[in-house]
> 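Structure incoming, see below.
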Amino acid sequence: MAAVYDLVLKGGELIDPAAGFRAVGDVAFRDGRVAAVGPDLDESNAARALDVSGKLVTPGLVDIHGHYFPHATQMGISADSVCLPNGVTTTVDAGSSGWIQFDAFKEFVIRQEQTRLLALINLSALGMLQQYRDGGYGPSFSISGGPATSVSQEPVGELLDLRYAQVEEAVRCIRDNPGITLGVKVRVDPGVTGLENAGPALELGRKVADDTGSFMMVHAARSPISMARILEHLRPGDIVTHAFHGAENRILDDRGRLRPEALEARDKGIVMDVGAASANFDVEVSRSAIAQGMPPDTISSDVTRPRPARSVVYTLPELMSMFMGLGMPLEEVVAAATRNGAAAIGLPEEVGTLRPGAAGDAAVLEIEPGEFEYADAQGGRVRTDRRLRPTATVKDGSLWEPSRR
Ligand SMILES: [Zn+2]
């Protein structure tokens, strides 16, 4: 008797770097999981079959850095509104919530979204506070969408007062929420920690990660301390996000060469993540790092709600297209947005792969030829002659459709 499937994607070009697999074939889903992958699966008993010939089929995309706590944080956006339409089935909120708000974040956001939404809790009890600064997110930003009002130019980051770095409570929050919280997020930034608190904040973040057996994601953009000093606090499995920023203390030295400590860190298993939003990302630094043999391990969006002028936010498929334009082959960008992200968040068997038994997630992408241009917030540009356009998303074995919400 023929196998019974809930859904079969027929005839796509399957790319699954986790399984070392690239070939034209079918993927079948049953009971929310990947049931089979093969050249010619029998769909005669499938509840639904979708012809995806001529398109790419990848594992559901994994975006390890976004901000999904709307209404409570200024930059938060609904995960379902930006992830599922763009092939992203698993994502990580990178420190929007501290331990104080975490119950609300879990009840009102994480449990409500269809996207598989995991969380890094902020080292600061307060969660992520917005920074208003010239050329950054302010000063004329209006939360309500109404007329813009002027706000303070003074940065008021969440770790300017280290009394908010409450290690015991952060540890308890991570322990109390297994399967949801993955670790701790620390932002090392002039506006968040200032200079004085940068090192101590990293030490406290280290303690939270170690006490919980988890990992630390460090925001290292416009960092007040050197990359070498940041990396001293990191262990294999920790993540440097905004690793390709172009400000002071970037991964390139004054002559444009990769700093040896960055390469060493990457080689010992510290994850070099993109986090591409706004001024925290630079296309020329990325291009140079790729040319020198250090492409990003993970491509992440740092997606937020649209910010004011001079800021940039891209979807994950747009970033994958951009990184192809910066010199990464298709299979590598797919790996950086599936397998590597899944490994970085400790779920390499469950997500980011089409292996039978894994979560039933997939992205269907079209390679669209044309002339495309992507810019960073500094005005650096990437031109490409093709881009990836998401056309369908499978989440937990079902075809996601916008009308379902
Ligand atoms: Zn972020």
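Just so it is clear, the model here is predicted, and its values are computed rather than measured. As the structure lists them, so they are numbered: ligands from 1, and atoms in each ligand from 1.
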> I'd like to know: is the Zn ion (ligand 1) within the 2.8 Å range of an N/O/S atom from His67, strictly under that distance?
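Of the N, O and S atoms in His67, at least one lies under 2.8 Å from the Zn ion (ligand 1), which means yes.
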> Could you tell me whether the Zn ion (ligand 1) has an N, O or S atom of His65 under 2.8 Å away?
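His65 does place an N, O or S atom closer than 2.8 Å to the Zn ion (ligand 1).
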> In Asp302, the N, O or S atom nearest to the Zn ion (ligand 1) is which?
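That would be atom OD1.
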> Does either side chain, that of Gln292 or that of Ser288, offer a donor lying less than 3.5 Å from an acceptor on the other one?
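The answer is yes; a qualifying pair exists.
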> Using a distance-only test with no angle check, is there a side-chain donor-acceptor pair under 3.5 angstrom linking Arg229 and Asn249?
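Absent: no donor and acceptor within the cut-off.
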> Just say parallel, tilted or perpendicular for the rings of Tyr314 and Tyr374, cut-offs at 30° and 60°.
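Tyr314 and Tyr374: perpendicular rings.
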> Which class fits the ring pair Phe105 and Phe69: parallel under 30°, tilted 30 to 60°, perpendicular over 60°?
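Because their plane-to-plane angle lies in the 30° to 60° range, the rings of Phe105 and Phe69 count as tilted.
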